[in-house]
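What follows is a single structure, written as structure tokens, with notes after it.
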Amino acid sequence: MIEIDAITKTYDEIAVVDDVSMVIEPRTITVVVGTSGSGKTTLLRMINRLVEPTSGEIRLDGDDNRSMPAHELRRRIGYAIQGHGLFPHRTVAQNIATVPRLLGWEKPRMDAKVAELLTLFQLEPEIFGPRYPHQLSGGQQQRVGVARALAAEPNVLLMDEPFGALDPIIRAKAQDDLLAIQKHFGTTIVLVTHDMNEAFHLANKIAVMDKGKVVQYGPPVELVRAPTTDFVKTLIGDAERPFRLLSVANAAAAVEPGEAEGEPIQEDRSQQDALAALLWSGRDALPVVSVGGKPIGRIKLSTLLKRAARLQ
Amino acid sequence: MRAWLPTALRGLLLLALLAFLVSPESFEPLLKPLVQQDAPAIYNHGSLLSLTLQHLRTVFIATAAATIIAIGLAILVTRPIGAEFLPLSRSLVNIGQTFPPVAVLALAVPAVGFGEKPTLIALFLYGLLPIFENTLTALTNLPRSVMEAARGAGMTGFQRLFQVELPLSLPVIVAGIRLSVVINLSTATIGSTVAAKTLGEVIIAGLQSNNLAFILQGGLIVGALAILIYDSLSGVEKLLTRRVGRR
Amino acid sequence: MKIRFDKLGVVIALVAACGVFSSFAVLKPNRILQGQAQSILDALPSGMGWGLLLVLVMAGTAAVLRMTAWAKLIAAAAALLVLVLAMGYAATFLTPSGNSYARVSPASGFWLLLFAFALLAADAMTRLRPPPWMRILFLVIAAFGIGGVLMSGSWNGLSIMKEYSGRADVFWTEAGRHVMLALGSLAAAVAVGLPLGIFCHRFTALKDAVLNTLNLIQTIPSIALFGLLIGPLAWFAATVPGAANIGIRGIGAAPAFVALFLYSLLPVVANTVIGLAGVPREANDAARGIGMTDRQRLFDVELPLALPVILTGIRIVLVQNIGLATIAALIGGGGFGVFVFQGIGQTAMDLVLLGAVPTVAMAFAAAVVLDASIEMNFRVQNGARSA
């Protein structure tokens with residue numbers, strides 16, 4: 001659990017982060033969104049003390065994050081950034097082993113961890129381990145960057161626009177990978193982005209920052225249904241509200257007993273995907289199957305239309 | 001161009017240089033046409049080989065000292081503790097480059113007398129600048145994301161310096177050392193005007209006795225040394241650049 | 001509130017303190033013999049000595065405390081001026097009346113103090129970040145200041161000025177020669193190097209060959225290159241009719257001029273090539289897209305955009321040439337080197353200074369002026385962003 005308690009950071013008398021308090025639950029993904037200059041990156045960097053706050057306190061599992069030297073704190077917190085920041089003079093394996101080496105792990109344990117992570121990120125350890133970062137593609141570099149951040153098995157992973165430099169197709173894949181990894185390790189992730197689609201795709205909770213303040217902090221649905229300020233409304237976009245609502249809910253949640261014709265949809269896809277399939281094929285209902293492929297019911301177009309409306 | 005040609009040329013140059021230094025007499029027929037009837041065509045007031053070695057020794061000592069001090073200073077002014085000195089150190093480097101080597105050499109004489117010492121001082125001071133400037137440039141232009149990642153991974157200041165900053169800066173630092181050595185090889189010849197034992201002695205003897213062969217052999221030995229050292233340091237630099245993955 | 005110290009100021013004050021406790025001036029029985037060192041209080045009448053110390057302590061205090069850059073600059077300038085005037089006075093004070101052989105020179109303490117406060121001035125100037133025109137203004141003020149001190153005759157008692165007064169005519173001839181060598185060879189190098197650079201940029205096949213050749217020339221030590229050109233030029237003067245009449249001879253200024261020219265070519269050509277290669281592709285594409293001919297593109301787009309880099313090359317050449325021109329004296333080419341080498345020969349260090357100090361001053365002034373013009377150019381191109 002990360003407790004951010006009345007944190008303020010001022011540069012030259014200007015508050016970049018202004019009296020922010022929030023609690024981040026363990027094993028969740030929290031996405032901080034906002035325009036550039038809203039203070040979201042500064043807030044993130046205060047968690048691992050790359051920036052020291054002017055006032056306030058941040059507690060990790062109850063302990064003040066200033067209770068140990070900053071570099072020791074950072075070794076316990078994963079950190080991944082835009083443009084990956086891989087060390088160009090070290091191989092992929094050496095890059096991933098950075099923090100374990102700083103922590104003084106035994107060699108066999110390091111090697112095993114590197115191999116495990118590379119495999120997890122679908123990079124063949126024997127092939128990619130000895131390569132240098134410049135010999136990888138952009139998407140591969142980014143995956144190694146995240147793998148490096150996870151190498152010492154941190155409870156908390158901080159990510160600063162980690163997918164900002166990727167093209168849309170690779171980015172979508174990287175986001176899905178991240179969700180899978182988060183499930184695998186149960187890491188608490190705090191991710192900063194300005195991409196609302198990314199936020200809705202990944203977040204358990206979204207914090208919207210504007211001029212140094214957190215103007216709204218809650219589950220994605222809440223942001224769409226009850227935006228607290230005009231700024232949040234603009235950020236979400238009027239025209240996209242109904243689709244955003246559908247995008248954060250599983251197809252499983254809209255299933256009712258019964259049968260339907262045509263191509264089925266898997267229960268873990270979003271309701272937005274289900275709506276798209278219905279509209280495109282011109283049907284009134286479509287069958288839903290479990291992840292295993294077993295039929296479990298159907299979704300009706302009218303149900304989805306109701307769910308997309310403001311009031312339910 | 002064929003890939004082996006430059007290497008072959010360098011090997012040839014090295015062989016020619018060694019042959020000339022070990023047995024200068026065998027080259028006499030080549031140089032004879034450049035001098036008047038009775039004048040000697042090969043420098044005869046000392047062994048060319050020992051002069052060359054002394055020349056190299058002087059340059060090596062001065063450059064080694066300059067390298068240590070320059071890198072140390074550049075590291076100091078890029079740490080938080082020395083940050084106040086950074087702006088001034090930049091302008092000092094700029095001003096320092098306006099001091100001509102001859103002036104530095106001549107001005108060192110009253111302080112330490114004639115001989116090798118003023119030459120060492122001049123070469124040291126003149127060698128400092130390129131290395132300091134390059135090290136400073138390298139240390140202040142490291143990729144931001146890499147430095148950020150190093151900090152985020154929990155490296156201490158020392159670990160960042162020795163594991164990330166210096167390894168990444170090395171090619172640029174070597175380029176500075178290379179520049180420094182080549183300048184100093186040439187400047188060391190001027191040291192002979194204040195009685196230092198360098199190859200400049202041969203050239204100055206040639207100027208004084210109007211002996212073109214002396215001037216030519218002195219100049220060519222220094223030129224060949226410069227080319228060979230320049231080339232091998234370029235090689236080192238390329239190797240390092242490839243190692244830090246920037247082609 | 002706690003008094004905060006300036007780290008650099010502390011270093012400067014320490015250097016200055018060393019200077020105060022070292023000898024200020026040296027009195028020699030004649031221009032060559034070793035002399036007798038004198039401290040500040042010995043070298044000046046006691047009132048004046050204490051006065052000088054007071055000014056130095058005040059300026060040192062200004063250096064140590066955290067103050068505005070302007071305050072520090074004024075403190076440094078005041079200290080330097082007082083120091084220089086006191087040196088001149090010390091010379092007249094120490095020289096026994098009627099003794100025309102005795103010489104007074106500045107000693108290590110004076111140089112340390114000069115260095116310390118020049119450092120303070122340089123640091124203050126760096127922190128002020130003066131715009132280019134202000135830097136040139138500072139240079140002009142400094143030049144007038146030094147000129148004023150020299151013209152006033154307050155330094156006439158010093159050994160270096162006695163060396164000067166003995167050869168005032170020669171000094172200015174050699175100064176003219178020095179400028180001619182440095183600037184003339186630069187002009188020739190630009191006239192040849194700029195087109196050559198453009199040519200290399202257009203025909204890449206040529207580039208490596210030209211740059212490698214010029215690189216080779218740079219490895220030949222300057223004194224050897226000067227010497228090697230004596231032969232060909234002597235032959236040229238003897239065989240080409242009229243060549244001798246326009247001053248081309250084996251020894252003298254001609255080989256020095258040619259050597260400097262050859263050394264200058266590499267920075268000019270290389271920087272022209274680098275500058276042209278650095279022109280953004282979009283700018284070139286746009287120029288082609290709106291229908292410019294190659295010639296229009298060169299003069300309206302490429303050269304203006306490459307100008308800062310080309311000017312940087314010219315700056316390197318000019319500063320380097322001013323320094324190298326001293327070597328011309330070894331082959332009878334004249335210039336300030338004449339005094340340097342005569343001084344080394346006679347072990348008369350004040351004569352060395354007479355050659356070296358103007359050379360350094362000239363190189364420094366050239367660097368300031370060219371840096372300012374490069375920055376002005378750069379600012380025009382990059383607008384407010386570079387500020």
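Lettering follows sequence order; numbering is per chain, from 1.
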When rounded to the nearest 0.5 angstrom, what distance separates CZ in B:Arg151 from NE2 in A:His71?
13.0 Å
Can you name the residues that form a side-chain hydrogen bond (donor to acceptor under 3.5 Å, both in side chains) with B:Ser192, not counting sequence neighbours?
B:Thr198
Any idea which of B:Gly157, B:Gly152, B:Pro167 has the most non-hydrogen atom pairs under 4.5 angstrom with chain A?
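Going by pairs under 4.5 Å, I would pick B:Gly152.
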Considering only heavy atoms, which portion of [X] lies under 4.5 Å from any heavy atom of chain B: side chain, backbone, both, or neither?
X        : result
A:Leu73  : neither
A:Arg49  : neither
A:Arg131 : neither
A:Arg76  : neither
A:Leu86  : backbone

If you compare all heavy atoms of [X] against all heavy atoms of [Y], which two are closest, and at what distance to 0.1 Å?
X        : Y        : result
B:Ala149 : A:Gly85  : CB-O, 3.3 Å
B:Ser145 : A:Ile81  : O-CD1, 3.2 Å
B:Ala153 : A:Thr98  : CB-CG2, 4.2 Å
A:His134 : B:Arg242 : NE2-O, 4.3 Å

I need the contact set between residues 116-131 of chain B and chain A: heavy-atom distance under 4.5 Å, sorted by residue number.
none
Does [X] have more than 12 heavy atoms from other residues, nucleotides or ligands lying within 6.0 Å of its [atom1]?
X        : atom1 : answer
A:Glu52  : CD    : yes
B:Arg144 : CZ    : no
B:Lys197 : NZ    : no
A:Ile169 : CD1   : no
A:Asn155 : CG    : no
A:Arg66  : CZ    : yes

Are the side chain of A:His89 and the backbone N or O of B:Gln163 linked by a donor-acceptor pair below 3.5 Å?
yes
Using a 4.5 Å cut-off on heavy atoms from C-beta on, say whether the side chain of B:Glu148 contacts that of A:Gln82.
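Answer no - side chains too far apart.
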